[in-house]
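Everything on this sheet refers to the single structure shown next.
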Amino acid sequence: MIAQIIVDVPVNRTNRPFDYRVPAWLTPLIRVGSRVVVPFGPRKLQGYVTGITDEGTDFTDHARLKEVEQVLDDTPPLTKELLDMSEWMSKQYLCPWVTAVQAMLPAVLKGKSEKWLTATDDLDEDTCGNSGLLWELSRKRQLPLAEVEKQFPEEYLLVPGWIHSGLLATEYQVKDRITRKHQSFVRCLLSPEQLAEAIASLPARAEQMRRVLTLFSQHADQSFSMQMLRDEWGITRSPLKSLEAKGWLVMEQVEVYRDPYANRKFSDKAKPEFTPLQKQVLAPVLSSIQSQQYAAYLLHGVTGSGKTEVYLEAIEKTLEKGQEAIFLVPEISLTPQMVERFKARFGADVAVLHSGLSQGEKFDEWRKIIRKQVKVVVGARSAIFAPFENVGLIVIDEEHESSYKQEETPRYHAREVALWRAKRNHAVLMMGSATPALETYALATRGRYTLLEMPERVGNRPMPAVHVVDMREELQAENRSMFSRKLHEMIADRLEKQEQMVIFLNRRGFSTFVMCRSCGYTMRCIHCDISLTYHKTNHTARCHYCGYTIAQPAHCPECQSEHIRFFGTGTQKVEAELAKLFPGIRVIRMDVDTTSRKGAHEELLSKFRKGQGDVLLGTQMIAKGLDFPRVTLAGIIAADTSLHIPDFRAAEKTFQLLTQVGGRAGRHELDGDVVIQTYTPEHYSIQHATRHDYRSFYEDEMLQRRRTGYPPYFRLVLLTFSHEDVPVVIRSAHTMADYLRQRLAETTILLGPVASPIARVKDRFRFQIMLKYRDEPQLSALLAQATAAFDEWNKQQKVLMTIDVDPYVLL
DNA sequence: AGCACGCCGACT
DNA sequence: GTCGGCGTGCTC
């Protein structure tokens, strides 16, 4: 038996399966999708089985085949579907196959290959001499080489000699980081009759033992965790030990899942009546689910139209068919509120995956999925890789969110992966948003997705009234405050009525750079072409890209002025201003500073929910998903800061943000107002957001995209080159540009090479090429070919090239 | 990516 | 004469 295996060397040169012989003792265990350890050159590496054959492939130099050394799991972590999907991803996104595989699996499964130093049989007390290292090794028999270098730096140089003389040897070991959590449980070994007898036989003073046995007699055949016995019944270890000694019960270690939601009760909420609109959009979706045929829907529903209920119902019907469902949400809106809704509805059938979990917790949630102990997965981007085998429904909530795009290799978009998965499984894909991505809506209007519209809020709640304030007029009226008169007046009004508010600060442009007010000098990173960010906690200025950190200077390095200061996070400034204008106002500020601690996010929101704050003040993180009945005002301090960033999606992002923030207000009994402050009130994204008019925004923005040649009219590929020397990058980028120009279709536009907007990161200069194309069916193949050619002519130069298909960030 | 193999300068 | 610099090529 011969296995094809991809190894954990994520470079193009090794990006293909290698043949290995499977020793007889492993044949019962090894499967396509298995995680294995194999020798590779002089090393040992982790790999994944992509195929199993009797005779091998065209390589088949049987004499030179090495053997698979280990199969790491009893059941393969990769299903056939995931394996195929990873292969497709590696072609689609031009990434090494093994990188795509690793993106699908919990991080603890990624094995680390380490070189170890081991003692041979020749090493004994006599041969150790006065070497501390040899003594250590004669005791422990083996140590990681890196450890040896650290602990015995002066003896490290002698190691090759000892290897030569046969006292030591080196060996590779592949270790994953799987850990399992265990809990002590107590189980009774007696039958009910024996139990009664035992209780009667206990001495009168054996109070605790009697309580334990009584408990077991009341709950026959049940076992109790020690923790529970202690916490709820006040039973300590010693009576249990005595009972165990009598042979009446046993204490055992049972593996348990790490459950971040343990000890939480989820209330069952009654299913609400569906509105006519909800019924109308559900009908086709449920019928697709019934027929188990591929179908893709775009649910375009205004904020507060009750999309989540639609999703929940569709999921429930999928489960009733005996199929599984994946529910994707943007990282930021995977709030406790959302989780609670799912847990209340589907109980123990749900696994939750998000970045707040520890690696161990993620692994446990993943195991619930692969062991078929859950039917629904709720999670951020990577939850699309849930190892289900009978997926009937995939839902993507807030489908326009940019967090569905991964910004590292593999640079995939969860929406695209979901589409592949839905087709493969004959499943239903449902994307939902109040502000769909232009690409998605365009495909829906062309019939590629079925468009479902919910233009009204639940219970016929009116959309909030939107007031646009021209901040230039405020300035003319001598109002230099960051609050317009309108917003000021409305805040005062809400305070009086004891209603709540959400105040949103668009952080782009309000960054926290450090600038001298006297000479205008700004602090910049010495390795990267960007401004340093001020960090209040330890009074430092820090680079977001490379981590370069310096103490915040007291004087300007340029002009010695003392007036060098950071231009605040914004939120802090707004908070101070609010306190000044409205004495006694209770502000709950949510930004990077106040939410960095684990659980802080949740705490602040629940504080606000309980009414312990008048204002929820924050950045992007408060823009979506939140639903507080008493919020009747949403204020946006500076709507246009995101309008002027150099990004073809700037207008779209602004429209989405304004719509989402506005959607926080007046969702329940009380009517809501939205105040948008801006210096460009005439801009179409602000105008259409004001009228809650997605369709008009879509049409205007489509005209722009057509004019400028951006998606959805053109698709993009971004190639970025980086190197320490400018001439070297430039030459490299030009060679690639020439290579591509000769082979691309005439209608394809190649822009550049030009310096990247952030021209230097970590001391490497960056140049980029942008491809804009409409029809280029062989593009992936061409880019793969180009990458191979690039590797060939770039051998000694060490220029790095990254390819981003359908990029979101053009920096 | 690592790692070994191999071919030229500054040391015992 | 040898130690070690890092260019080159390979990994089933």
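A, B, ... follow the sequence lines: proteins, then strands. Residue 1 opens every chain. Because the structure is a prediction, the values reported are computed rather than measured.
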- Message: Once you apply a heavy-atom cut-off of 4.0 Å, does A/P39 come out as touching a base, just sugar-phosphate, or nothing?
- Response: sugar-phosphate
- Query: Between B/dC3 atom P and A/F40 atom CZ, what is the distance in whole Å?
  - Reply: 13 Å
- Using atom CZ of A/F18 as one end and atom P of C/dC12 as the other, report the distance to the nearest whole Å. 7 Å
- Task: Please state how far atom CG in A/D8 lies from atom C1' in C/dT11, giving the value in whole angstrom units.
- Result: 14 Å
- For the pair A/H413 and A/Y808, name the ring-plane relationship: parallel under 30°, tilted 30 to 60°, perpendicular over 60°. tilted
- Ranking B/dC3, C/dC12, B/dA1 by distance to the side chain of A/P42, first place goes to B/dC3
- Message: What contact category does A/R64 fall into here, base, sugar-phosphate, or nothing, at under 4.0 angstrom with non-hydrogen atoms?
- Response: sugar-phosphate
- Item | Contacts of A/K80 that satisfy salt bridge (Lys or Arg N to Asp or Glu O under 4.0 Å) - sequence neighbours left out | A/D84
- Item | Length of the CD-C1' vector between A/E792 and C/dT8, whole Å | 12 Å
- Message: I need the CG-C1' distance between A/L45 and C/dC12, as an integer number of Å.
- Response: 12 Å
- Interatomic distance, A/Y172 OH vs B/dC3 P [rounded to whole Å]: 4 Å
- Query: A/Y20 near the nucleic acid: base, sugar-phosphate alone, or nothing, with a heavy-atom cut-off under 4.0 Å?
  - Reply: sugar-phosphate
- Message: From CD1 of A/I30 over to C1' of C/dC12, roughly how many Å is that when rounded to an integer?
- Response: 13 Å
- What orientation do A/F790 and A/W793 show, parallel under 30°, tilted 30 to 60°, or perpendicular over 60°? perpendicular
- Note on the structure: Whole-Å distance, A/I6 CD1 to B/dA1 P, equals 17 Å
- Quick one: does A/R43 reach the base of B/dA4 with a side-chain donor-acceptor pair under 3.5 Å? no
- Message: Please evaluate residues A/F40 and A/F18 with respect to the criterion ring-ring contact (aromatic ring centres under 6.0 Å, His included), reporting the C-alpha separation (whole Å), side-chain torsions for both, the decisive distance (0.1 Å), and the verdict.
- Response: CA-CA 9 Å; A/F40 194 70; A/F18 289 83; 4.9 Å; yes
